[in-house]
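In what follows, a single structure is set out as structure tokens and then discussed.
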Amino acid sequence: MHVVLYLAVLPILGSCSGVQSALDPAGEEARQVATLFWVMTVGSGAIWGIVVALALYASRRKRRPVSEETAGKLIFWAGVVFPVTVLTALLAFALWLMPTLRPFAFGDFARLRVEVVGNQFWWRVVYHLPDGKRVVSANEVRLPVGERVEFSLTSADMIHSFWIPALGGKMDLIPGRVNRLSLLATEAGIYRGQCAEFCGVAHALMAFPVFVMEPTDFNEWLNARTTPSAGVEADARGRDLFLGRDCGTCHRIDGTQAQGSSGPDLSHIGSRLTLGAGQVKNDPDALGRFIAHSSAIKPGSMMPAYLDLPEDDIAAMAFWLKGLQ
Ligand SMILES: [Cu+2]
């Protein structure tokens with residue numbers, strides 16, 4: 001019996017920690033959500049325990065009729081005063097937690113604005129620096145630890161939802177509208193975000209890694225992305241193949257004539273952790289497989305297959321792309 005119970009709670013406990021857990025907060029907003037969760041859980045558990053204990057007591061004690069006056073008092077205190085007090089206190093507590101979850105006075109304290117555009121089934125991520133420069137990336141989010149960051153969220157097609165459970169609550173990305181979210185990451189590390197609104201077949205496969213970095217590392221990373229990757233000039237064959245096909249109609253690579261925007265920006269693709277919005281580890285082999293037939297890795301992917309390309313052409317392209325660090 002104990003073994004069965006243990007096995008039953010394991011998966012539940014397993015989700016309490018890890019890279020995508022709201023109960024393992026690594027940010028200011030997520031910590032507040034977790035606090036609210038624990039207060040609600042412990043509070044409702046305690047009330048449930050008291051009610052069950054009273055019910056057991058009432059069903060076991062010797063039956064004696066209760067006077068009308070006692071019954072009236074019981075209903076007044078336990079049925080009216082108690083719930084009203086508890087619910088009012090909980091509401092006040094939840095409202096008190098809310099203002100910091102809501103976007104207000106962004107300009108005052110957010111140095112960095114990150115624009116996220118949801119696409120079927122990937123994320124465009126644009127960093128707007130204080131000096132007006134823009135850095136375009138995709139499918140991963142990098143943030144400095146200890147600094148408040150403003151997100152502006154919108155969508156190119158369906159309603160998506162931007163959610164990094166370890167850092168804060170979720171917020172919808174709605175076509176034609178910009179939603180704002182403010183997050184303060186407090187612990188460096190690698191976390192995971194996920195689309196949290198059904199947006200089509202590959203909705204569940206629309207994730208992204210989140211890197212919370214030391215501010216100096218973050219600035220270094222960002223600066224390196226304001227210029228084309230050093231790898232752009234390397235390996236003429238892979239580069240010629242990429243530019244010779246139609247890849248550039250959908251993808252942009254800084255420093256080349258590939259300037260498409262209906263697919264993820266590939267300017268520094270080689271340095272990204274994953275491919276296909278968090279689906280597979282980014283290595284030359286996976287890159288080749290993704291180029292040849294992305295929907296074999298990610299069913300529903302909106303990128304056409306290139307099954308006609310010879311294997312060594314694909315390998316050359318993958319090699320060149322991996323070099324775009
Ligand atoms: Cu989505």
Side-chain angles (χ1 to χ4, degrees), residues 15 18-22 26-27 29-30 33 101-103 113-128 135-143 149-183 185 190-212 249-252 260-267 269 272-282 286-287 289-291 293-305:
S15 50
V19 294
Q20 193 184 320
S21 173
E29 283 68 28
V33 171
L101 291 179
R102 294 286 158 266
R113 183 165 70 87
V114 184
E115 177 190 343
V116 178
V117 185
N119 287 261
Q120 283 178 318
F121 298 94
W122 58 278
W123 312 84
R124 180 187 311 286
V125 182
V126 185
Y127 300 82
H128 294 265
V135 168
V136 184
S137 180
N139 294 332
E140 74 178 30
V141 167
R142 292 195 182 238
L143 303 173
V149 174
E150 171 188 340
F151 286 89
S152 42
L153 309 170
T154 189
S155 166
D157 39 48
M158 311 297 287
I159 298 182
H160 304 268
S161 185
F162 179 80
W163 191 26
I164 309 170
L167 298 188
K170 61 183 88 158
M171 176 78 83
D172 278 3
L173 299 99
I174 301 171
R177 187 194 149 89
V178 177
N179 278 340
R180 299 167 91 200
L181 176 74
S182 148
L183 293 178
I190 303 180
Y191 308 98
R192 189 173 188 271
Q194 165 70 45
C195 179
E197 177 77 38
F198 181 72
C199 58
V201 266
H203 153 70
L205 306 177
M206 187 174 164
F208 57 98
V210 181
F211 296 77
V212 175
T249 55
C250 296
H251 294 290
R252 189 184 85 102
S261 62
S262 61
D265 189 291
L266 301 178
S267 298
I269 176 79
R272 293 218 279 265
L273 186 69
T274 64
L275 291 176
Q279 296 321 301
V280 281
K281 201 164 158 267
N282 180 7
L287 260 171
R289 284 187 293 123
F290 199 92
I291 297 169
H293 195 191
S294 65
S295 53
I297 290 181
K298 182 174 182 178
S301 153
M302 298 291 209
M303 168 160 151

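Position 1 is the first residue of the sequence, and the numbers go up from there. All values below come from the heavy atoms of this structure, side chains included, with hydrogens, waters and symmetry mates left out. Remember, it's 1-based here, ligands and their atoms both numbered in the order they're listed. Please read all numbers here as calculations on a predicted model, not as lab measurements.
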| Of all the N, O or S atoms in H160, which one sits nearest to the Cu ion (ligand 1)? | ND1

| task | Fit a plane to each ring of F162 and F151, take the angle between them on a 0 to 90° scale, and name the class: parallel (under 30°), tilted (30 to 60°) or perpendicular (over 60°). | result | tilted

| message | Let me check your reading of the structure: within less than 2.8 Å of the Cu ion (ligand 1), is there an N/O/S atom from H203? | response | no

| Strictly by modelled atom types, are T274 and N282 linked by a side-chain donor-acceptor pair under 3.5 Å? | no

| query | Vertex the Cu ion (ligand 1): angle to SG of C199 and SD of M206, to 10°? | reply | 110°

| query | Can you tell me how far CH2 of W123 sits from SG of C195, rounded to the nearest 0.5 angstrom? | reply | 4.5 Å

| Side chains of R252 and S261, donor plus acceptor under 3.5 Å | no

